[in-house]
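Taking it in order: structure first as structure tokens, then the write-up.
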Number of protein chains: 2
Amino acid sequence: MKARKTATRRLRAPSLPAAALHRAEQLCTKAGERLTPARINAYAELLTQKNPISAYELLALMEQREGRKLAPLTVYRQLDFLVRVGLVHKLTSAQAYVACEHPDHPHDTLYLVCSSCGKADELESERVAELLSKAARSRGFKPGKAIVEVPGLCQTCRQPPDGADGIGVAGAR
Amino acid sequence: MKARKTATRRLRAPSLPAAALHRAEQLCTKAGERLTPARINAYAELLTQKNPISAYELLALMEQREGRKLAPLTVYRQLDFLVRVGLVHKLTSAQAYVACEHPDHPHDTLYLVCSSCGKADELESERVAELLSKAARSRGFKPGKAIVEVPGLCQTCRQPPDGADGIGVAGAR
DNA sequence: AACAATAACGTTATAACGTAACACTATACA
DNA sequence: TGTATAGTGTTACGTTATAACGTTATTGTT
Ligand SMILES: [Zn+2]
Ligand SMILES: [Zn+2]
Ligand SMILES: [Zn+2]
Ligand SMILES: [Zn+2]
């Protein structure tokens with residue numbers, strides 16, 4: 001008793017690019033995880049965003065897209081999944097989420113995060129990973145994926161060209 | 001003019017060690033910040049803790065110590081201050097706070113955080129700081145103090161000696 | 001000492017972030 | 001076909017953090 005299709009109410013998914021979808025499928029297969037429509041939607045929505053967004057911002061976007069109310073938990077579960085398989089990183093210092101720029105292989109979370117405009121620039125550094133891993137193991141500590149977040153001012157937000165300091169970011173070296 | 005204390009109502013501060021107090025005073029003087037009794041109390045209470053604690057845990061401890069209700073905001077303000085002057089670090093991935101182990105000079109936040117027992121081991125690495133700073137500047141990014149948190153299992157919590165994996169164990173604090 | 005300016009503190013209310021519990025649904029596999 | 005496992009939806013709740021505003025303490029100046 002639920003067959004009735006109530007005249008599509010703006011259900012268009014954000015249309016995840018085929019290449020991204022394919023990569024995601026492979027990643028999930030390899031990890032023994034299931035890539036469901038709901039998860040695809042969440043990922044696609046995140047991919048439309050240029051900057052990291054909070055879970056509740058994603059919630060609002062998805063609600064608008066799907067034309068119905070969603071529970072926060074829904075979004076959190078999908079984010080947990082996306083982070084788990086490595087498609088998305090959590091910026092813990094900003095309590096925000098952003099799609100990984102090279103999800104093909106697992107790696108640490110390593111970002112430059114602009115305190116002014118919110119932009120997050122993902123880096124990769126084998127040397128940092130190596131240093132941290134070595135330091136950890138030398139203390140008998142078994143390390144997981146490191147979280148490295150460098151707050152500061154991006155090039156654009158440094159506009160005021162004279163040496164003037166911008167935001168109150170302490171201790172720039 | 002100072003009103004006499006009204007028959008001590010368990011107001012015993014946790015007695016901040018004199019050396020720590022002295023260091024804190026110097027730090028604040030240098031930074032042009034005021035070290036008030038309330039702030040000293042918060043710091044002292046944090047110093048009694050072996051592991052990082054949440055703001056609300058600190059709130060409860062201080063309420064118990066002072067025998068009265070406090071507002072969360074009070075504690076948050078004191079924590080902001082302590083982090084600002086460098087006496088305390090925030091472990092952003094655990095939403096917890098811990099006293100710095102060498103507050104004498106400013107430095108990045110760099111911890112090994114056990115996902116099982118919650119212990120946080122503070123490291124210092126000039127090389128990591130240097131690498132991050134260099135990478136940032138090479139992109140026109142003006143870096144502040146980096147946040148580096150490595151989750152994992154501490155030596156103690158690795159007890160189960162067979163090679164079994166243990167990462168990802170939730171529920172530290 | 002009196003004053004003004006600023007920083008810290010207290011209080012109430014509320015916003016933002018995240019999870020527990022439970023019932024239901026889909027898929028995989030014997 | 002059953003049975004086990006994983007995913008989803010819903011309600012309610014818990015935790016973390018801040019806004020707004022008025023009061024008190026400190027500092028520097030007259
Ligand atoms: Zn990535
Ligand atoms: Zn910026
Ligand atoms: Zn430190
Ligand atoms: Zn441990």
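Each chain gets a letter, A, B and so on, in the order its sequence line appears, and its residues count up from 1.
- Shown here are the salt bridge (Lys or Arg N to Asp or Glu O under 4.0 Å) partners of A/Arg77, two or more places apart in sequence or in another chain: there are none.
- With respect to A/Phe141, the side-chain contact (heavy atoms from CB on, under 4.5 Å) criterion is satisfied by exactly one of B/Leu153, B/Val113, B/Leu123, B/Val150: B/Val150.
- Following rounding to the nearest Å, B/Lys90 (NZ) and D/dT16 (P) show an atom-to-atom distance of 10 Å.
- Not counting sequence neighbours, the partners of A/Glu124 by the side-chain hydrogen bond (donor to acceptor under 3.5 Å, both in side chains) test are A/His105.
- Not a single side-chain hydrogen bond (donor to acceptor under 3.5 Å, both in side chains) links B/Tyr43 to another residue, sequence neighbours left out.
- Under a cut-off of 6.0 angstrom, the local environment of CD in A/Glu130 is crowded, with over 12 non-hydrogen atoms contributed by other residues, nucleotides or ligands.
- Residue A/Gln95 contributes atom CD, which lies 16 Å from atom P of D/dT15 at whole-angstrom precision.
- Using a 4.5 Å cut-off between side-chain heavy atoms of Ile, Leu, Val, Met, Phe, Trp and Tyr, with links allowed through other members, A/Val75 and A/Ile40 fall into the same hydrophobic cluster.
- Non-hydrogen atoms lying under 4.0 Å from DNA chain C are contributed by A/Ser54, A/Tyr56, all within residues 46-58 of chain A.
- Sorted by first and then second residue, the ring-ring contact (aromatic ring centres under 6.0 Å, His included) pairs with a member in residues 52-92 of chain A read A/His89-A/His107, A/His89-A/Tyr111; sequence neighbours excluded.
- With axes fitted over five pairs at each extremity, the angle between the ends of the helix from C/dA1-D/dT30 to C/dA30-D/dT1 is 30° (10° resolution).
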Could you list the protein-to-nucleotides 4-7 of chain D atom pairs, N/O on both sides, closer than 3.5 Å?
from  : atom 1 : to      : atom 2 : distance (Å)
D/dG7 : OP1    : A/Arg39 : NH1    : 3.1
D/dG7 : OP1    : A/Arg39 : NH2    : 3.3
D/dG7 : O5'    : A/Arg39 : NH2    : 3.3

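- Looking at residues 71-79 of chain A, you'll see A/Leu73, A/Tyr76 sit with a heavy atom under 4.0 Å from some atom of DNA chain C.
- Sorted by first then second residue, the salt bridge (Lys or Arg N to Asp or Glu O under 4.0 Å) pairs that include residues 28-55 of chain A, not counting sequence neighbours, are A/Glu33-A/Arg84, A/Glu45-A/Arg65.
- By the side-chain hydrogen bond (donor to acceptor under 3.5 Å, both in side chains) test, A/Arg137 is found to be paired with A/Ser133, residues two or more places apart in sequence or in another chain being considered.
- Rounded to an integer number of Å, the gap from B/Leu70 CG to C/dT11 C1' is 12 Å.
- Nearest heavy-atom pair, A/Ala20 versus A/Leu16, reported as atom, atom and distance to 0.1 Å: CB-CD1, 4.0 Å.
- Considering only residues two or more places apart in sequence or on other chains, A/Asp121 meets the salt bridge (Lys or Arg N to Asp or Glu O under 4.0 Å) condition with B/Arg139.
- Every residue meeting the side-chain hydrogen bond (donor to acceptor under 3.5 Å, both in side chains) condition with A/Ser93, not counting sequence neighbours, appears here in chain and number order: A/Glu149.
- Taking both residues in full, the closest heavy atoms of B/Pro52 and B/Gly118 are given as CD-O, 3.4 Å, listed atom of the first, atom of the second, then distance.
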